[in-house]
K.L.:
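Supplied in structure tokens, the structure appears directly below.
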Amino acid sequence: MIGPRWLVPLAVAGALVVLLPLAGLVSRVGWSEFGTSVTAPASLEALALSLRTATIATLLVIVLGIPLGFALRAMRGPWRALVRAIVLVPLVLPPVVGGLALLYAFGRRGLLGDALGGSLAFTTAAVVLAQTFVALPFMVVSVESALAQRSGRHEAVAGTLGASRTRILFRVTLPALGPALATGAVLAFARALGEFGATLTFAGSLAGVTRTAPLEIYLARETDPAQAAALSLVLVALAVAVVAIAYRPGSRR
Amino acid sequence: MRAPRFAAVGAAALALAACAPTALPEGRPETLTVLAASSLAEVMTTIVSDFEADHPDVNVAVSFAGSSTLASQVLEGAPADVLATADEATMATVSDELEIEPQIFATNTLTIAVPAGNPGGITGVDSLSDAGVVLVTCAPQVPCGAATALVAEASGATLSPVSEESNVTDVLGKVASGEADAGIVYATDLARADGVEEVALEHADAVVNRYPIAALPHASGSPSQHAREFVAAVLSSEGRAVLAAAGFGAP
């Protein structure tokens, strides 16, 4: 499909909105010390924590997001629209608000403070929870829209052949959802990796425990801007790689 | 030569007139220009309105900015009568140049912030390292964290915070929400915060931020009478009371 010619300058402007800040970031990276900046102990510790927590958060997103997508698909009428809107809230919520909300639920004085026997705040678990909170919608949306495109005929056939519902789920439906699940998981991972505001508000910032790469960048920006820029570039590269995998040519998107 | 100078004076007068309050007192009020560090905004505004009440013939125009910005404005010849900075080093760049004698009018030190009611039972720096006490500080990479490390060293305490934040605001947020039992912040930041109480921090005087003020000389060579009076007002017991209410210490 080819649009009218006047779309071109607008498209260029749109591309510049994205490209100029990235170019600015690249311009601030001290290339001579890029290696030492990225391999500095603080950087490596933060990156390792980020990868670890984002991986766990992605697993949680898979385990919790798929059933939620099924449940959403099973709903009828106005309920589905309402529940979908609520489940998607973390996508549009300002991250600080998300952090406050988590604090009021899982903090010391939060709804579950007594049940938890204290607070999740300042723990690595809090980081994982914050990341899961913001990344979950990606999986739910992926699963729900993929389910919407299925007729259910294969599942019906499997049913008449005597397969249990669990067997149908694992042998028929989930394999058919494969590409959608992969996309949802990859985007959730990328979102978890970039999580900042909720982590800062809810989990705090301690090297090796809660200071993920985005928080390390936030701290380094004052004291060592070159390190902040170098670490930022690593995160950008990771994000580009992850999204390129999720939307690779040939995937049904 | 005369014409441009006259024009410049006229432009300056217009600019000053634009800043003046609408209700001018009788006579021709003199305008006093005060440059003050941003962290002094609240206290200076109060001191200025008190000063104007006592001096109906003076209008005070206050300009707030970072200390180094203000210092470079003065050095580049911006018309100003009084300069108050948040640190001595910045004031020194001006006083070396202009032969003025700054006076310390306030200090700011670290202190312990605890949630209202002090649920952690914090009594001082030693109790911060008790088992089960959740402590939050600034990260050592930022100035408030560097100061915290020096005070801890002076008191011989070993602090193990559960979180090292990038700024005082984030420390106060953790304390005010009750997530932390204690946080180490500046006294002036604590005075502005809701839901927190203060517990004295021993050896806080190991790191003291001093705030100097100086009347600036005019082209004639010496500061104006009103500039000197304003500095005196800041140093007076009334001025000190305003500063103390905002968490500033006495020099």
Side-chain angles (χ1 to χ4, degrees), chain A residues 40-43 45-46 49 95-97 99-114 116-127 130 196-212 214-225 227-228, chain B residues 66 68 113-122 128-150 152 158-186 193-197:
Chain A
S43 299
E45 197 171 27
L49 180 68
V96 178
V97 178
L100 284 179
L102 289 166
L103 206 53
Y104 297 153
F106 302 102
R108 227 183 213 182
R109 296 180 185 170
L111 295 175
L112 299 180
D114 293 334
L116 293 170
S119 176
L120 279 185
F122 310 124
T123 63
T124 306
V127 178
F196 168 71
T199 305
L200 186 71
T201 314
F202 174 49
S205 175
L206 190 68
V209 180
T210 51
R211 189 175 294 153
T212 55
L215 272 72
E216 175 64 26
I217 292 168
Y218 182 60
L219 183 62
R221 127 206 96 106
E222 287 192 36
T223 53
D224 189 355
Q227 190 212 344
Chain B
S68 49
V114 297
N118 194 1
I122 305 299
L128 294 179
S129 30
D130 285 353
V133 167
V134 179
L135 172 70
V136 175
T137 64
C138 289
Q141 294 92 323
V142 296
C144 60
T148 301
L150 287 174
T158 309
L159 304 179
S160 21
V162 296
S163 185
E164 295 173 341
E165 309 285 342
S166 296
N167 54 56
V168 172
T169 311
D170 283 330
V171 175
L172 276 171
K174 302 289 192 298
V175 175
S177 68
E179 284 307 314
D181 296 316
I184 297 182
V185 299
Y186 278 110
D194 277 334
V196 293
E197 292 173 8

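Labels below follow one simple rule: chain letters A, B, ... track the order of the sequence lines, proteins then strands, and each chain is numbered from 1. Fair warning: this is a prediction, and the values are worked out from it, not measured in the lab.
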K.L.:
Considering residues at least two apart in sequence or located in another chain, which fulfil the salt bridge (charged side-chain N to carboxylate O under 4.0 Å, His left out) criterion with Glu216(A)?
P.N.:
none
K.L.:
Look only at the side chain of Gln141(B) and the backbone of Leu219(A), and say whether a donor-acceptor pair between them is shorter than 3.5 Å.
P.N.:
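Judged by distance alone, no pair lies under 3.5 Å.
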K.L.:
So, does Ser163(B) use its side chain to make a donor-acceptor pair with the main chain of Ser205(A) at under 3.5 Å?
P.N.:
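Flag set: sc Ser163(B) to bb Ser205(A) pair under 3.5 Å.
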K.L.:
In residues 169-177 of chain B, what donor-acceptor pairs under 3.5 Å come from side-chain atoms, sequence neighbours left out?
P.N.:
| residue | atom | partner | partner atom | Å |
| --- | --- | --- | --- | --- |
| Lys174(B) | NZ | Leu200(A) | O | 2.7 |
| Lys174(B) | NZ | Glu165(B) | OE2 | 3.2 |
| Ser177(B) | OG | Gly173(B) | O | 3.1 |
| Ser177(B) | OG | Lys174(B) | O | 3.2 |

K.L.:
Test side-chain contact (heavy atoms from CB on, under 4.5 Å) on Glu179(B) and Arg109(A); report intermediate values, then the result.
P.N.:
CA-CA 8 Å; Glu179(B) 284 307 314; Arg109(A) 296 180 185 170; 5.5 Å; no
K.L.:
Answer yes or no: are there more than 12 heavy-atom neighbours, outside Tyr104(A) itself, under 6.0 Å from its atom OH?
P.N.:
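No, the 6.0 Å shell around OH holds no more than 12 heavy atoms from other groups.
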K.L.:
Counting only heavy atoms closer than 4.5 Å, note whether Thr201(A) contacts chain B via side chain, backbone, both or neither.
P.N.:
backbone
